[in-house]
Amino acid sequence: MNSKKPIYVTQPYLPDLKEFYPYLEAIWESKNLTNGGVFHQQLEKELCRYLGVEYISLFSNGTIALVVALQALGIRGEVITSPFSFVATTNSLVWNNISPVFSDIDPVSMNLDPEKIESAITKNTQAILPVHCYGTPCDVEAIQEIADRHNLKVIYDAAHAFGVQCHCGSILKHGDLSVLSFHATKIFNTFEGGAIISHTPEMKRRIDQLKNFGFVDEVTVVESGINGKMSEINAAFGLLQLKHAKEVLSERKQVAELYNRGLKAIEGIVIAQNNLSDESNHSYYPILVTKNYRISRDQLYEKLKSEDIFSRRYFYPLISEFPMYQNLPSSTPSNLPIATEIANEVLCLPIYPGLGEDSISKIISIIKASAS
Ligand code: T4K
C-alpha cells in the first residue's frame, strides 16, 4: 500500500473538532439555522473588529458577493478588470450583463497596472474591478485617482486579502466596496463563504437586502434580490476559525520563510515579491519559473506531481483565454503581454499550516535538482 500522503497546494486549517461541538449544540438548541441568526450577527461584529472595518455583510460565497457588490452599485456598461485572477472575477461581471475589459498587470505586484487602466477607459466605462492578487495590495491610491478623474466606481476583489494591512490600516477600506472569499482554500474559511465590506450604513442595508431576495420586512420586497445568505453553521465555524487566525497566519509565515531561504539564488526561479514582504498574509506562495530555469514551468509542475506534490498554476490560463472571453477585443495577447508571460511562468507552491519542514525541504530539493 502507498502510504505517501499527497501534498496539496493548500489544506484548510481545522481546529480540534471538540472545539466545534458547543457551537453545534447551540444551533441544535435554538433551531435557528440561517437567515441572519445569532452566530451570523456575532461573526459580522467580530470580523469588523478583527479586520478594522466598519461594515461587513456575510455571504454564502465570494462569487455571489461579487455579483451583489456590482448590483448594489448599479454598475452597467463596461468594467476594467484583471485577466490574471480566478475566473469568478470576470464571471461576476457577465452575470450583471456588464462587458469585461481586460487591462494588463504590473510585473512585480501582478495586479492591474494603473498606467494601463486609463487607456482602456471609454465613454461606457462605469467601474474598475481590480484584484489584490495573492493578497498583494493594489496601487490603491493611483487607482482611486484615476477613478475620481473619470467618475468611476472601484470594487476590489479582495478574495485573497484577508487581514492585509496597507499604509492607512486595512486594505479593505479602499474603493467603494471590497469582496472577500471564505472558501475552504482560503486562509480564513467558513467551508464556503464570503463578504462585502462597505463604508456606510445605507450601503450595508442595501447589500443586506440584496442578499435576502430584496426583502425589507415580512411583506415588502423592494428589488430583485438573490439568496446569498451565510448559514449559522458556516458563521459558527467562522467564529471558531477567527480564534485561531493569528496562529494560522504565523504558521503560514514560517512556511514562506523556509521557502524564501531555500529557493533564493536558484538560476531561473524568481520568488514573487509578496512572499518576501512582512506585510503579506501568505495566502499563496507564487514563484516564476523563467526561461533561465533548466526545465519549463509545466515540466516542473509535472515533476512535482509525479512525487505526489500538487502545486497549482494560479492563474493559468488567463481569464481572457477562456473560450467565452477570448474573442473580446481586450483579450488579445498583445494587449496583455505581462499577464501572458506571468501566466506561463507562475507556479503556486503548497502553503498551509501544518505543512511539515520535511515536505518543504523535499519541494525545495526537487526544484534545486531540476535547476541543473
Ligand atoms: N475572486 C478570486 C480572486 C478568487 O480567487 C476566488 C476563488 C473568487 C473570487 C471566488 O470566491 P468563492 O466563490 O470561491 O468564495 C479554488 C477555490 O475553489 C476558489 O475559492 C479560489 N478562488 C480558487 C483560487 O481556488 P480550485 O478549483 O483550484 O480548488 P480545488 O478544489 O482544486 O482545491 C485546491 C486544493 O485545495 C485541492 O487540490 C485540495 C485542497 N482542498 C480543497 C478543498 C475544496 C482541500 O484540502 N479541502 C477542500 O475542501 O478553486
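All ligand and atom numbering here is 1-based and tracks the order in the structure.
The part of D157 lying near ligand 1 is the side chain, judged by heavy-atom distances below 4.0 Å. Counting heavy atoms closer than 4.0 Å to ligand 1, residue F310 contributes nothing at all.
The aromatic rings of F84 and F315 sit perpendicular, their planes meeting at an angle over 60°, well past the 30° parallel limit. Between Y23 and F39, the two ring planes are tilted [angle within 30° to 60°].
Which of T89, N61, V9 comes nearest to atom 35 (C) of ligand 1 through a heavy atom is settled by distance: it is V9. The closest non-hydrogen atom to atom 45 (C) of ligand 1, taken over A195, P12, S60, G193, comes from P12. The heavy atom nearest to atom 44 (C) of ligand 1, out of those in Q11, R312, H183, R313, is found in H183. In this comparison of Y134, Y284, F86, the heavy atom closest to atom 50 (O) of ligand 1 sits on F86. Proximity annotation for atom 49 (O) of ligand 1: of A161, C133, A184, A184 comes nearest, heavy atoms only.
Side-chain contact check for Q71 and N96: at least one donor-acceptor pair (N or O, by modelled atom type) lies under 3.5 Å. In summary, the side chains of S283 and N281 do present a donor paired with an acceptor at a separation below 3.5 Å, with no hydrogens or angles considered. At a cut-off of 3.5 Å, with distance as the only test, no side-chain donor of N335 or S330 sits close to an acceptor on the other residue.
Note on I105 and L336: separate hydrophobic clusters, where clusters join Ile, Leu, Val, Met, Phe, Trp and Tyr whose side-chain heavy atoms are under 4.5 Å apart, directly or indirectly. Y285 and Y314 fall into different hydrophobic clusters, where Ile, Leu, Val, Met, Phe, Trp and Tyr side chains are chained together by heavy-atom contacts under 4.5 Å.
Using a 4.0 Å heavy-atom cutoff, Y352 is absent from the residues neighbouring ligand 1.
For atom 41 (N) of ligand 1, the nearest non-hydrogen atom of the protein is T10 O, 4.2 Å. Of the protein's heavy atoms, K186 NZ, 3.5 Å lies nearest to atom 19 (C) of ligand 1. Atom 37 (C) of ligand 1 has Y8 CD2, 4.2 Å as its closest protein atom, hydrogens excluded (heavy atom only). Protein heavy atom in closest approach to atom 43 (C) of ligand 1: T185 CG2, 4.2 Å. Among all protein heavy atoms, the one lying closest to atom 29 (O) of ligand 1 is Y314 OH, 4.0 Å.
Residue T63 places at least one N or O, backbone or side chain, under 3.5 Å from an N or O of ligand 1. The distance criterion of under 3.5 Å between nitrogen or oxygen atoms is not met by E192 with respect to ligand 1. At least one N or O atom of H160, backbone or side chain, sits closer than 3.5 Å to an N or O atom of ligand 1. Ligand 1 has a nitrogen or oxygen under 3.5 angstrom from a nitrogen or oxygen of G62.
Counting non-hydrogen atoms of neighbouring residues, nucleotides and ligands closer than 6.0 angstrom, the NZ atom of K153 reaches no more than 12 such neighbours.
Taking a cut-off of under 4.0 Å to the non-hydrogen atoms of S181, the atoms of ligand 1 that pass are 11 (O), 12 (P), 15 (O). Residue A159 approaches ligand 1 through these ligand atoms, each under 4.0 Å from one of its heavy atoms: 1 (N), 2 (C), 3 (C), 4 (C), 9 (C).
Here the side chain of N274 pairs no donor or acceptor atom with the backbone of S280 at under 3.5 angstrom. No donor-acceptor distance shorter than 3.5 angstrom exists from the side chain of N61 to the backbone of G193, with no hydrogens or angles considered.
T63 has its side chain out of reach of W95: every pair of non-hydrogen atoms, C-beta onward, lies at least 4.5 Å apart.
When the options F182, F188, F20 are evaluated for a ring pair (Phe, Tyr, Trp, His ring centres under 6.0 Å) with F237, the one that passes is F20.
Protein non-hydrogen atoms do reach within 4.0 Å of atom 26 (P) of ligand 1.
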